[in-house]
Visitor: 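Take a look at this one; I'll ask things after.
Just so you know, ligand 1 is whichever comes first in the structure, and atom 1 is the first atom listed for that ligand. Counting begins at 1 with the first residue of the sequence. Note: hydrogens, waters and symmetry copies are ignored here, and every other heavy atom, side chains too, is used. Bear in mind the structure is a predicted one, so any value in this text is a computation, not a measurement.
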Amino acid sequence: MSHVDQTNRLDAEQFPADATDLQADVVTDHNHKLYIETVGCQMNMLDSELVVADLRKRGYELTRDVKEAETILFNTCSVREHAEHKIYSSLGRLRYGARKNPKKVIGVMGCMAQKDQNLIFQKAPQVDFVVGTGQLAQVAGLIDKARINHHNHVRSRELAVGLGRKDGKHTEITNSFQSYDPLRDPEMRPSPYQAFVRIMIGCDKFCSYCVVPSTRGPEQSRSPREILSEVKVLSDQGVKEVTLLGQTVNSYKHTQDGKLFRLSDLLHLIHEVEGIDRIKFVTSYPKDMTNDLLEAIRDLPKATRYLHVPLQHGCNDVLKVMKRGYTVEDYRDMMQRINEILPGCSVSSDFIVGHPGETEESHQKSLASIREFRFKNSFIFKYSERPGTKAAERFPDEIPDEVKKRRNNEMLKVQNEISEEDNAEFIGRQVEVLVEGPSKSAQKVGQDSSGALAEQLVGRSNCDRIVVFDGNPRLAGTIARIEIIDVTPTTLIGSIVTKEYQLHSGPSLPILQ
Ligand code: 5AD
Ligand code: SF4
C-alpha cells in the first residue's frame with residue numbers, strides 16, 4: 001500500500017537533498033502498520049507514546065499483530081537481565097519474517113539500545129537500527145533510511161546513540177524530548193484520563209547495582225514553564241490525572257528567571273491547572289524527601305497521598321554496599337515525618353533480594369522492615385548483575401538463584417499479609433476513586449437497580465489503592481465515592497455510594513483516603 005499525505009512528507013533532515021523520487025516512493029511503499037513492544041518503567045511507556053504520536057503524524061497506524069506490521073519497534077529495559085532476554089527472544093521470533101518480507105523494518109530503542117548498540121546487531125542481525133534513549137526524535141528518519149537500504153539490497157545498520165552532558169553543551173537528550181509536540185498519543189496512555197509527564201531525566205545517584213545512570217545519563221530537570229504548558233495541553237485533551245516522572249523525582253531542581261523551583265513549587269503551579277483533578281509523582285529518593293514537599297502535598301487537595309520511596313534493603317550493611325546513601329534509621333526518620341505531616345499517606349517500596357553482601361541475617365532485617373514500615377505494596381526484585389556497574393565490578397554475584405527465589409517469596413508473603421491487613425481497615429469506609437474504566441478482568445455486564453447499564457469498573461483511591469465496583473461505564477474519567485465492602489491484598493472491592501454524587505462529583509468535595 002502506498003500512502004502519502006501532507007503529514008507524511010519527509011523533511012530535509014530525514015531525507016538527503018539528493019534523494020530521488022524513487023527513494024521517496026520506497027519510504028512510503030509499505031503498509032504503515034506499526035507494532036511496538038514496550039518493557040520496563042513508566043519512562044519507557046512515555047517514550048513509546050511520544051514515538052507513536054510522531055509516527056502517527058506520518059501516516060502510521062498501530063497494530064497488535066506483529067505479523068502484519070511492516071514497522072516493528074522494541075522499547076527496551078536493561079535494569080535486569082531478564083528484561084533483556086525477553087527482547088532477544090522476541091527478536092529471534094522475527095528473524096524469518098524479516099528475511100521473507102524486505103519491507104519489514106525492525107528498530108530497537110531504549111536502555112538496551114543505549115548500552116549494547118553493537119551487541120544487538122551481532123545477536124540479532126535482522127535489526128535495522130538501534131536508537132538510544134536520548135535520540136528518539138530520530139526514529140522516523142531511521143525507519144525511512146532502513147527502507148531505502150532494503151530497496152538497494154543492503155542491510156545497513158544505523159546507530160543513533162548519545163547521552164546528555166551536564167555542562168550545558170549537551171542538549172541531545174533535552175532536545176530529544178523538547179522536539180516532540182506535546183500533543184501526544186492518547187491511545188498509548190494508561191487510560192484516556194491519565195498521562196505521564198516527564199519532569200526530569202537521568203540519575204546522579206549511582207547506586208552500585210544500577211545501570212540507569214549509564215543508560216539515561218546525568219540528572220537534568222525540565223523547566224517549569226514547559227512542564228506547565230504540557231500539563232495544560234493534556235488537560236485540554238481530557239486528562240484528569242498527571243503522574244510526574246523522574247528516576248529521583250523529588251530531587252527536581254530548575255532555575256527559571258532567577259528563581260529556583262523544587263518539586264513542591266511545581267506541585268503548586270500544576271495545582272492551578274483547571275481540569276486536572278489529581279497529581280502524583282514517582283519515584284522518590286528517601287534522602288530528598290524534604291518537609292516542603294510533604295507540606296505541599298498536605299496543602300494541595302489535588303496532590304495524592306501516595307509516595308513511592310524505595311528502601312531497597314532493611315540492613316544497613318547492605319545499604320552501604322548498595323551505596324544508597326542512607327541508613328534504616330534515616331528512612332525511619334523520613335517515615336515519621338511523612339506520618340506526622342501526612343497522616344494516612346500510603347508508601348510503597350522496592351526491594352532487592354540476594355544483593356552481594358546479603359546474609360540470612362540481613363535478609364531477616366529486610367523482612368522486619370516491611371513489618372515495621374507497613375508498605376502499601378512492595379516491588380521485590382532478585383539481584384541481577386549488570387555489567388558496567390560498581391557492584392558487578394567489585395562483588396561476585398554469589399547468592400544462588402534458589403536462595404534468591406526463596407527470599408523473594410518470603411518478602412512477598414510478608415508484604416501480602418501486611419497489605420491485606422491494612423486494606424481490611426478500609427472495610428466500611430468510603431474512598432474517592434478516579435474511575436479509569438471497565439476492569440480488564442471484568443466479566444459481568446448487567447443492570448443496576450434502576451435499570452442502568454452496570455459493569456465492573458476499576459479506578460484508584462487517593463492513596464493509590466486499586467478499587468473495583470459495579471457502575472455505569474459512563475463514569476470513566478470522573479471521581480466517584482465508593483464504600484468498601486471487601487478486600488484482597490491488592491484490591492479494595494466496593495459499591496457506589498449515591499447516584500447524585502456521581503452526577504456532581506469533582507475535586508471540590510472533601511478528599512477521603
Ligand atoms: N537487580 C535487581 N533489581 C534492580 N533494580 C535496579 N537495578 C537492579 C538490579 N541490578 C530494582 C530496584 C529499582 C527498581 C526499578 O529495579 O529496586 O528501584
Ligand atoms: Fe538507579 Fe539508584 Fe538512580 Fe534509582 S536512584 S535510578 S536505583 S542509580
Visitor: Under a 4.0 angstrom heavy-atom cut-off, which atoms of ligand 1 come close to Gln312?
Guide: 12 (C), 13 (C), 17 (O), 18 (O)

Visitor: Who's closest to atom 2 (C) of ligand 1 heavy-atom-wise, of His82, Lys404, Lys382?
Guide: Lys382

Visitor: I'd like to check which ligand 2 atoms, numbered from 1 as shown, lie under 4.0 Å from a non-hydrogen atom of Thr248.
Guide: 5 (S)

Visitor: Does even one non-hydrogen atom of His355 get within less than 4.0 Å of ligand 1?
Guide: no

Visitor: Below 4.0 angstrom from a heavy atom of Asp350, which ligand 1 atoms are there? Numbered from 1 as shown, please.
Guide: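 Those qualifying, in numeric order: 13 (C), 14 (C), 15 (C), 17 (O), 18 (O).
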
Visitor: Quick one, Arg386 with Glu84, criterion side-chain contact (heavy atoms from CB on, under 4.5 Å). Give me CA distance, side-chain angles, the key distance, then yes/no.
Guide: CA-CA 11 Å; Arg386 306 289 48 225; Glu84 296 189 349; 3.1 Å; yes

Visitor: For ligand 1, which part of Ile352 has a heavy atom less than 4.0 Å away: the side chain, the backbone, both, or neither?
Guide: side chain

Visitor: Which of the numbered atoms in ligand 2 are below 4.0 angstrom from a heavy atom of Arg324?
Guide: 2 (Fe), 5 (S), 7 (S)

Visitor: For Tyr383 and ligand 1, does the shortest N/O to N/O distance drop below 3.5 Å?
Guide: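 No: no nitrogen or oxygen of Tyr383 is under 3.5 Å from one in ligand 1.
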
Visitor: Does any non-hydrogen side-chain atom of Met334 lie less than 4.5 Å from one of Val309?
Guide: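 Yes, their side chains come closer than 4.5 Å.
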
Visitor: What do you reckon, does Arg216 put a non-hydrogen atom under 4.0 Å from ligand 2?
Guide: no

Visitor: Between Arg386 and ligand 1, is there a nitrogen or oxygen pair with a distance under 3.5 Å?
Guide: no

Visitor: Counting only protein atoms, how many N/O/S atoms are less than 2.8 Å away from atom 1 (Fe) of ligand 2?
Guide: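 Count of protein N, O, S atoms less than 2.8 Å from atom 1 (Fe) of ligand 2: 1.
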
